[in-house]
Enquirer: 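Let me give you the structure first, and then I'll get to my questions.
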Amino acid sequence: TAGRTPRFIRSRFGGPDVPMLFKRLLASKRKRASFPTDQDALLNIVRTADDTARRRDACRLIQRLPALRELGTDDIDAGVREIAQARYRKLLCGLDDVLPALDERMEEIRGPLDQRGLEQVASNGREPEVRLAAISRVSSPSVLAACALGDATTANRCAATERLHDKRAL
């Protein structure tokens, strides 16, 4: 039965196309491995490549916060913009293996960050000082209430409580 999917795989994983799915998965990992590690080269791919999928994959590897901020607002492709914005917020929160320096992330939080980004950093930031910087700029009462009740650091809970004008939200 060469070339056929065994019955237990079909029944467990939903059909005869399981080998094709594995091939696609492995192919996507090979594609990613073919990207350069140099940030300038990745930015060049995102800005100039004709293949939209390649541009999006390269954007997932960028680690420069100012470049991601720019791509998140100015790129012509909505998919690249969305990936850049999500990557930007993920790096600000400290939720990646390779992160920009803490000072650089703090500077970005103090800069022109939108409320959605601030809310995510205030709720999900890894370091207490990163969350505190975001809490000091968040305007959403529900996010402030969540931080006041659930932040792991007492100073952050106090700062969120002080900024919360409607105490009934607690």
Side-chain angles (χ1 to χ4, degrees), residues 25 28-29 31-32 35-49 51-170:
L25 178 66
S28 69
K29 287 188 178 190
K31 281 183 195 174
R32 237 181 231 179
F35 280 105
T37 56
D38 179 42
Q39 292 293 300
D40 290 328
L42 287 170
L43 283 169
N44 188 38
I45 291 170
V46 172
R47 291 182 175 137
T48 61
D51 182 14
T52 305
R54 184 162 171 79
R55 294 179 65 229
R56 291 176 182 180
D57 285 342
C59 188
R60 288 182 180 95
L61 300 173
I62 294 176
Q63 298 168 358
R64 291 185 184 164
L65 293 172
L68 287 168
R69 182 174 14 94
E70 178 188 329
L71 288 169
T73 57
D74 298 342
D75 197 86
I76 58 172
D77 180 45
V80 171
R81 285 194 307 268
E82 189 166 323
I83 289 169
Q85 290 168 2
R87 177 99 175 118
Y88 180 73
R89 289 189 302 269
K90 183 178 180 179
L91 289 175
L92 283 179
C93 288
L95 302 176
D96 199 41
D97 296 335
V98 180
L99 295 173
L102 179 61
D103 294 339
E104 183 181 348
R105 291 188 291 141
M106 293 292 286
E107 192 64 34
E108 286 289 324
I109 292 169
R110 292 184 195 110
L113 187 59
D114 63 344
Q115 282 297 309
R116 182 178 172 197
L118 287 170
E119 291 169 4
Q120 186 170 357
V121 173
S123 302
N124 302 318
R126 180 183 292 174
E127 297 90 353
E129 57 267 28
V130 169
R131 293 192 310 271
L132 182 60
I135 288 170
S136 68
R137 295 191 51 213
V138 167
S139 60
S140 169
S142 62
V143 173
L144 288 170
C147 292
L149 295 173
D151 197 282
T153 306
T154 305
N156 292 0
R157 290 193 304 267
C158 291
T161 304
E162 289 173 5
R163 296 217 49 245
L164 194 60
H165 300 294
D166 184 15
K167 302 298 183 202
R168 290 181 293 167
L170 293 173

Enquirer: Evaluate R56 against D77 for side-chain contact (heavy atoms from CB on, under 4.5 Å), listing each step before the verdict.
Expert: CA-CA 9 Å; R56 291 176 182 180; D77 180 45; 2.9 Å; yes

Enquirer: How many angstroms lie between CD in Q120 and CD in Q85, if you round to the nearest 0.5 Å?
Expert: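 So the CD of Q120 and the CD of Q85 are separated by 11.0 Å.
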
Enquirer: For residues L164 and C147, determine if any side-chain heavy atom of one lies less than 4.5 Å from a side-chain heavy atom of the other.
Expert: no

Enquirer: Using only heavy-atom distances, determine whether the side chains of Q115 and S140 contain a donor-acceptor pair under 3.5 Å.
Expert: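 No, no side-chain donor-acceptor pair sits under 3.5 Å.
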
Enquirer: Of all the heavy-atom pairs spanning L144 and A160, show the shortest one and how long it is.
Expert: O-CB, 3.5 Å

Enquirer: Out of L71, I62, L113, which one pairs with Y88 under the side chain to side chain contact (heavy atoms under 4.5 Å, CB included) rule?
Expert: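 Single side chain to side chain contact (heavy atoms under 4.5 Å, CB included) partner of Y88 among L71, I62, L113: L113.
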
Enquirer: Between A133 and S136, what is the shortest heavy-atom contact and its length?
Expert: O-OG, 2.7 Å

Enquirer: What pair of heavy atoms forms the shortest contact from E129 to L102, and how long is it?
Expert: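 What the structure gives for the nearest pair is OE2-CD2, 3.2 Å.
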
Enquirer: Of all the heavy-atom pairs spanning T153 and R131, show the shortest one and how long it is.
Expert: OG1-NH2, 3.2 Å

Enquirer: Nearest 0.5 Å, what's the CD1-CG distance between I45 and D40?
Expert: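 The CG atom of D40 is 11.5 Å from CD1 of I45, to the nearest 0.5 Å.
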
Enquirer: Got a second to check how far I135's CD1 is from N156's CG, nearest 0.5 Å?
Expert: 4.5 Å

Enquirer: Once you round to the nearest 0.5 Å, how far does CG of D114 lie from CZ of R69?
Expert: 11.0 Å

Enquirer: side-chain contact (heavy atoms from CB on, under 4.5 Å), that's the test. Do L68 and C59 meet it? Break it down for me.
Expert: CA-CA 8 Å; L68 287 168; C59 188; 4.2 Å; yes

Enquirer: Decide yes or no on side-chain contact (heavy atoms from CB on, under 4.5 Å) for S123 and V143, but give the supporting numbers first.
Expert: CA-CA 7 Å; S123 302; V143 173; 4.0 Å; yes

Enquirer: With a 4.5 Å heavy-atom cut-off, do L91 and P100 have their side chains touching?
Expert: yes

Enquirer: According to side chain to side chain donor-acceptor pair (under 3.5 Å), who are the partners of D96, at least two apart in sequence or on a separate chain?
Expert: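 Once residues adjacent in sequence are excluded, the partners of D96 under the side chain to side chain donor-acceptor pair (under 3.5 Å) criterion are R87.
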
Enquirer: CZ of R105 to CD of E108: how many Å apart, nearest 0.5 Å?
Expert: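 Result: 11.5 Å between the selected atoms.
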
Enquirer: Is it true that R60 and D57 make a salt bridge, defined as a side-chain N closer than 4.0 Å to a carboxylate O?
Expert: yes

Enquirer: Would you say that more than 12 heavy atoms from the other residues, nucleotides or ligands in this model lie under 6.0 Å from the CD of E127, or not?
Expert: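 Check passes, neighbour count above 12.
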
Enquirer: Is there a donor in the side chain of R157 and an acceptor in the side chain of T154, or the other way round, less than 3.5 Å apart?
Expert: yes

Enquirer: Looking at every heavy atom in both R116 and R89, which two are closest together, and how far apart are they?
Expert: NH2-NH2, 3.2 Å

Enquirer: Apply the test side-chain contact (heavy atoms from CB on, under 4.5 Å) to residues E107 and L65: give CA-CA distance (whole Å), side-chain angles for both, the deciding distance (0.1 Å), then the verdict.
Expert: CA-CA 10 Å; E107 192 64 34; L65 293 172; over 6 Å; no

Enquirer: Measure across C93 and V121 and return the closest heavy-atom pair with its distance rounded to 0.1 Å.
Expert: SG-CA, 3.6 Å

Enquirer: Can you tell me how far apart CG (L43) and CG (D38) are? Round to the nearest 0.5 Å.
Expert: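 Spacing of CG (L43) from CG (D38) equals 9.0 Å.
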
Enquirer: Salt-bridged, R64 to E70, with N to O below 4.0 Å?
Expert: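 Salt bridge: no.
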
